[in-house]
*Asks:* 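Below you'll find the structure I mean.
Every value quoted in this text rests on a predicted model; they were computed, and no experiment measured them.
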Number of protein chains: 2
Amino acid sequence: MRPSIKQVALEAGVSIATVSRLLNKPDSVSIDTASKVNRAIEALGFRPNFTGRNLREGRSHTVGVVVPTLSNTVFAQCLQGVEIAARQLDYSVMFTATEYRQQDEFAAVELLLAHRVDGVILTVADADASSTLDVLDRERIPYILVYNQPQQTARPSVSVDNRAAAYDAVIHLIKLGHTRIQMLAGQFHASDRALQRFHGYQQAMHEHGLQALTPIEVPRHTSAALSVAYLQTFRDPLQRPSALFCSNDLLALSAMRDLRALGLRVPDDVSVMGFDGIPLGDLMDPMLSSVAQPSEQIGEQALRALVRVIEEPQDGRAPATSQILPHTVRLGGSVRTFHSRS
Amino acid sequence: MRPSIKQVALEAGVSIATVSRLLNKPDSVSIDTASKVNRAIEALGFRPNFTGRNLREGRSHTVGVVVPTLSNTVFAQCLQGVEIAARQLDYSVMFTATEYRQQDEFAAVELLLAHRVDGVILTVADADASSTLDVLDRERIPYILVYNQPQQTARPSVSVDNRAAAYDAVIHLIKLGHTRIQMLAGQFHASDRALQRFHGYQQAMHEHGLQALTPIEVPRHTSAALSVAYLQTFRDPLQRPSALFCSNDLLALSAMRDLRALGLRVPDDVSVMGFDGIPLGDLMDPMLSSVAQPSEQIGEQALRALVRVIEEPQDGRAPATSQILPHTVRLGGSVRTFHSRS
DNA sequence: CTGAAAGCGCTAACAA
DNA sequence: TTGTTAGCGCTTTCAG
């Protein structure tokens with residue numbers, strides 16, 4: 001077995017309390033006992049065992065992260081932000097994915113809680129109706145949502161204003177002369193963000209006297225196989241929208257590929273606008289227009305806010321503050337002005 | 001404080017041992033005590049505290065993962081694979097990134113070890129000369145490398161055959177008639193894989209009597225700013241290579257963007273071949289040619305191999321087995337046949 | 001400045 | 001089948 005403070009104490013000829021003190025508040029131990037102990041630590045290759053400390057302190061200096069998937073760059077970047085900030089604040093990160101299965105959210109959080117993480121950062125399918133979050137609330141476990149932006153409930157979150165961001169994106173298309181704009185989205189039931197973005201789309205359309213079209217909801221996996229079935233209506237130039245607003249960049253990029261497969265050109269035949277602003281969008285040709293959210297920052301801010309709550313001296317009501325980060329409409333060649341065909 | 005088995009025992013009128021038994025081997029407790037205890041667990045909202053179990057058992061049912069960054073999809077996918085497999089085998093995942101700083105590898109692993117992870121999965125800058133791995137070896141801590149493919153040392157790893165994969169990619173270009181093929185790589189000192197790939201490139205060139213050109217080593221960050229300085233030589237049609245072999249897809253995609261900025265067309269003026277086979281490469285236009293490695297599988301296999309070692313009944317020499325997964329050359333429009341300009 | 005001792009939650013002998 | 005008990009590594013009173 002690996003050495004514990006006990007062996008170190010023995011080796012140094014001091015008590016375990018002294019070793020512990022040296023580790024935690026080095027000032028409280030005399031200069032020469034310190035060096036004695038340090039020598040022993042060195043000699044034994046001692047490494048403190050956090051398990052013991054955690055058990056004793058009732059906390060783990062670890063936060064849990066639960067996101068749908070890492071296949072979407074957005075969540076990978078967010079996790080990256082969380083991890084970087086965590087490292088700075090001396091926290092570790094335990095990570096889990098749900099693969100967009102709402103029923104897995106609960107188990108994921110339960111596991112994290114069994115590990116006694118000090119708090120959790122998560123993205124759920126529906127932040128306003130989540131039994132998982134109910135548990136967290138009930139048990140007063142510090143948590144903070146990322147990407148989710150609860151409407152009915154006062155749950156702490158870090159996100160962009162999804163509705164406003166989508167609104168801005170659609171307005172941009174409208175200003176370019178588009179009138180037939182359709183939305184392409186993942187399954188709404190798996191993403192409340194997508195639904196909020198759809199509301200932003202609707203609002204923009206209505207405010208400009210335009211008809212909101214039925215959104216195209218594509219199942220997961222679509223991006224894997226080249227299935228252009230969902231774009232069949234696009235064959236007819238009179239039928240198809242002149243612009244497609246996609247609820248995320250992955251979808252937008254897939255759509256662009258599928259449109260090409262159909263023989264349609266972007267942006268000449270159809271303009272495409274995404275959401276997320278993933279870095280690779282800039283490397284496309286044409287560059288993907290998108291409304292960008294600062295994913296890494298979202299993760300970073302979430303971690304900082306979470307730690308703030310965790311280390312709150314009073315355990316009274318956690319401030320549960322929500323944060324809206326700014327989005328930016330990023331212009332690329334995937335969108336162009338629309339000139340009426342008549 | 002949250003309820004412990006002690007409160008549960010009290011509530012159910014049994015001993016803590018009985019509660020523990022119900023939790024671990026439910027068969028060893030009578031049917032009606034079981035229900036009594038279960039009722040108590042329910043009533044108290046009891047959740048086992050792994051910290052206690054971990055301390056007692058001397059293991060954590062947790063593995064650590066250390067990769068350079070999550071900004072490169074490849075590592076995100078790998079982590080995804082690790083996490084999925086871990087969940088299936090009842091392990092949790094603690095994650096850290098080094099941001100390609102070799103000097104951070106050590107601290108990352110130390111932190112993980114302080115948490116007493118049962119093993120670690122990692123990608124290091126140089127697997128053959130890593131003091132971090134020396135520590136792991138010396139202390140007999142189960143670990144397994146991903147992407148790294150040690151040459152001098154017999155360290156366990158899961159990867160593709162980097163040299164052979166690069167060789168295949170370059171052969172492909174040669175077969176298409178290219179003779180001036182140059183390699184574009186990240187900093188070799190930060191990635192032994194890149195260097196191995198360069199060796200594959202050299203071998204392919206030499207075997208075909210072609211001159212291996214000096215590789216272009218681009219610093220990190222290049223992809224962020226549009227800095228085409230490293231491609232200045234490409235201005236001269238007689239000077240520039242007809243094909244670019246990039247040590248990873250991110251680099252390839254950036255290069256394509258930068259070539260466009262220079263007014264060069266891919267593949268008409270320059271063919272571009274990547275390495276990794278990231279999913280988004282398929283969504284590009286033209287599709288990125290690349291030699292694909294199965295990243296998610298790499299993560300999954302690594303986790304399984306690691307758990308196998310961890311749960312090894314004998315703690316004798318860990319089998320330390322390395323695994324080479326198959327790569328595949330994926331053809332896309334970013335590469336075309338080369339017809340001599342004369 | 002240092003030591004003795006209790007106890008965090010849990011599992012696993014060992015006894016009954 | 002169940003209970004008693006020791007102890008995993010650590011921090012933290014409380015005494016000295």
*Asks:* Side-chain N or O of A:Ser30 less than 4.0 angstrom from OP1 or OP2 on C:dT2?
*Replies:* yes
*Asks:* Rounded to whole angstrom units, what separation is found between the CG atom of B:Leu113 and the C1' atom of D:dG9?
*Replies:* 16 Å
*Asks:* Does any donor atom in the side chain of B:Tyr100 or B:Ser191 lie under 3.5 Å from an acceptor atom in the other side chain?
*Replies:* no
*Asks:* By nearest nucleotide on DNA chain D, pick out whichever of B:Arg21 and A:Arg53 is the more 5' one.
*Replies:* B:Arg21
*Asks:* Using the side-chain heavy atoms of B:Glu57, tell me which of these nucleotides is nearest: C:dA12, D:dG9, C:dT2.
*Replies:* C:dA12
*Asks:* Output the single nucleotide from C:dC1, C:dC10, D:dT2 whose closest atom is nearest the side chain of B:Pro48.
*Replies:* C:dC10
*Asks:* Looking only at side-chain atoms of A:Lys6, point me to the closest of C:dC10, D:dC8, D:dT2.
*Replies:* D:dC8
*Asks:* Starting the side chain at C-beta, find the nucleotide from D:dG3, D:dT2, C:dG9 nearest to B:Ala17.
*Replies:* D:dG3
*Asks:* Considering heavy-atom distances to DNA chain D, does B:Asp32 or B:Gly52 have its closest nucleotide positioned more toward the 5' end?
*Replies:* B:Asp32
*Asks:* Select base, sugar-phosphate, or nothing to describe what A:Val14 touches, counting heavy atoms under 4.0 Å on all strands.
*Replies:* sugar-phosphate
*Asks:* Would you indicate which nucleotide in C:dT11, D:dC8, C:dG3 comes nearest to any side-chain atom of A:Ser15?
*Replies:* C:dG3
*Asks:* Rounded to whole angstrom units, what separation is found between the CG atom of A:Leu23 and the P atom of D:dT12?
*Replies:* 12 Å
*Asks:* What is the distance, to the nearest angstrom, from the CG atom on A:Asn49 to the C1' atom on D:dG7?
*Replies:* 14 Å
*Asks:* Should we say atom CD of A:Glu42 is surrounded by more than 12 heavy atoms from elsewhere, each under 6.0 Å from it?
*Replies:* no
*Asks:* Atom NE2 of B:His61 to atom C1' of C:dT11: distance rounded to whole Å?
*Replies:* 11 Å
*Asks:* How would you label the contact of A:Thr51 with the nucleic acid (heavy atoms, under 4.0 Å): base, sugar-phosphate, or nothing?
*Replies:* nothing
*Asks:* Taking CD1 from A:Ile5 and P from D:dG7, how many angstroms apart are they, rounded to a whole number?
*Replies:* 16 Å
*Asks:* So, does B:Ser322 use its side chain to make a donor-acceptor pair with the main chain of B:Arg155 at under 3.5 Å?
*Replies:* yes
*Asks:* Tell me which nucleotide among D:dG9, D:dT4, C:dT2 gets nearest to the side chain of A:Thr33.
*Replies:* C:dT2
*Asks:* Under 4.0 Å, counting only non-hydrogen atoms across every strand here, what does A:Asn54 touch: a base, just sugar-phosphate, or nothing?
*Replies:* nothing
*Asks:* For the side chain of B:Ile16, counting heavy atoms from C-beta on, which of D:dG3, D:dT5, C:dT2 is nearest?
*Replies:* D:dT5
*Asks:* Is the closest basic N to carboxylate O distance between A:Arg101 and A:Glu99 below 4.0 Å?
*Replies:* yes
*Asks:* Which nucleotide sits closest to the side chain of B:Thr18: C:dG9, D:dC10, D:dG3?
*Replies:* D:dG3
*Asks:* Only one of B:Val146, B:Leu133, B:Asn148 clears side chain to side chain contact (heavy atoms under 4.5 Å, CB included) with B:Leu122; which?
*Replies:* B:Leu133
